[in-house]
Asks: 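Mind having a look at this structure? Questions to follow.
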Amino acid sequence: DTAVSQTPKYLVTQMGNDKSIKCEQNLGHDTMYWYKQDSKKFLKIMFSYNNKELIINETVPNRFSPKSPDKAHLNLHINSLELGDSAVYFCASSQVPLGADTQYFGPGTRLTVL
Amino acid sequence: GNSVTQMEGPVTLSEEAFLTINCTYTATGYPSLFWYVQYPGEGLQLLLKATKADDKGSNKGFEATYRKETTSFHLEKGSVQVSDSAVYFCALSDSLADSWGKLQFGAGTQVVVTP
């Protein structure tokens with residue numbers, strides 16, 4: 001009965017490759033997010049979708065493309081991977097995109113680019 | 001712009017000691033304030049939150065009070081356990097219409113509790 005799940009948990013790949021990370025939530029929430037956590041644990045939002053529509057795009061390189069096929073899924077595709085993309089990527093969801101609403105996080109995907 | 005500043009770690013304590021993690025913020029609107037906790041190898045989970053001034057959030061023995069006059073949301077626990085060892089993140093989400101629930105995090109404070 002996992003609330004927010006991500007696959008894969010670990011991803012090791014070479015520079016220049018293209019990879020995807022999948023996220024699913026079974027909470028019935030309307031809003032989903034992607035966050036990046038760097039090696040110093042600093043967390044920064046990348047994207048947010050509400051009802052399958054993009055509402056936040058935090059000046060992330062074009063190589064990153066989120067896709068939301070339905071409200072329960074938000075996938076992250078990364079083209080031409082670079083060393084600096086190595087990080088832990090967290091998916092999250094909330095009922096609505098309001099400031100007071102609690103966000104529920106997935107377990108994270110650790111991406112290592114060699 | 002909005003920002004969150006929290007004390008640097010690691011904070012190392014003995015079991016049953018008192019824990020305080022300082023957090024201050026700047027925001028243009030009327031933010032909601034959160035403490036999230038990340039246990040080793042896991043994702044973040046909400047510890048507590050407060051949505052308006054003078055609100056106190058509490059959970060699992062942790063407390064934090066939303067102080068608008070000092071723009072602070074310090075986290076406290078009276079008696080920590082080894083199981084409280086984790087990274088703690090202070091975060092805010094602005095009330096402005098175009099903030100869309102965007103969480104802005106502090107840098108995180110690692111807490112290590114020894115037996």
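Just so you know, these numbers use all the heavy atoms, side chains as well, and skip hydrogens, waters and symmetry mates. Proteins get letters first, then strands, A, B, ... in listed order; numbering begins at 1 in each.
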Asks: Using 30° and 60° as the class limits, which term best fits the ring planes of Phe105(A) and Phe90(A): parallel, tilted or perpendicular?
Replies: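 Answer is perpendicular, since the angle exceeds 60°.
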Asks: Examine whether an atom of Tyr30(B) lies under 4.5 Å from a heavy atom of chain A, and if so say whether it belongs to the side chain, the backbone or both; otherwise answer neither.
Replies: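 Looking at Tyr30(B), nothing touches chain A.
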Asks: Using a cut-off of under 4.5 Å on heavy-atom pairs, state which of Lys44(A), Arg110(A), Glu58(A), Lys40(A) scores highest against chain B.
Replies: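 Going by pairs under 4.5 Å, I would pick Glu58(A).
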Asks: Looking at Asp70(A) and Lys52(A), is any side-chain nitrogen of the basic one under 4.0 Å from a carboxylate oxygen of the acidic one?
Replies: no
Asks: Under 4.0 Å between a Lys/Arg side-chain N and an Asp/Glu carboxylate O for Lys102(B) and Asp94(B)?
Replies: no
Asks: Does the side chain of Asn75(A) pick up a donor-acceptor pair with the side chain of Ser20(A) at under 3.5 Å?
Replies: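 The answer is no; no qualifying pair exists.
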Asks: Using non-hydrogen atoms and a 4.5 Å limit, figure out which bit of Leu46(B) sits close to chain A: side chain, backbone, both or neither.
Replies: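 Just its side chain gets close to chain A.
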Asks: Is chain A contacted by the side chain of Lys49(B), its backbone, both, or neither, given a heavy-atom distance below 4.5 Å?
Replies: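 Contact with chain A involves the side chain of Lys49(B) alone.
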Asks: Is it true that atom OH of Tyr10(A) has more than 12 heavy atoms of other residues, nucleotides or ligands lying nearer than 6.0 Å?
Replies: no
Asks: Quick check on the interface: out of Gln103(A), Gln37(A), Gln6(A), Lys9(A), who has the most heavy-atom pairs with chain B under 4.5 Å?
Replies: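 Highest number of pairs under 4.5 Å: Gln103(A).
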Asks: Non-hydrogen atoms of chain A under 4.5 Å away: do they reach the side chain of Gln38(B), the backbone, both or neither?
Replies: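 When you check distances to chain A, only side chain atoms of Gln38(B) fall under 4.5 Å.
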Asks: Over 60° means perpendicular and under 30° means parallel, so tell me whether Phe73(B) and Tyr66(B) are parallel, tilted or perpendicular.
Replies: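 The rings of Phe73(B) and Tyr66(B) stand perpendicular, inter-plane angle above 60°.
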Asks: What part of Thr102(A) gets closer than 4.5 Å to chain B, counting heavy atoms only: side chain, backbone, both or neither?
Replies: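 Answer is both: backbone and side chain atoms of Thr102(A) are under 4.5 Å from chain B.
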Asks: Check whether Glu42(B) gets within reach of chain A through its side chain, its backbone, both or neither, counting any heavy atom under 4.5 Å.
Replies: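 For Glu42(B), backbone heavy atoms alone lie under 4.5 Å from chain A.
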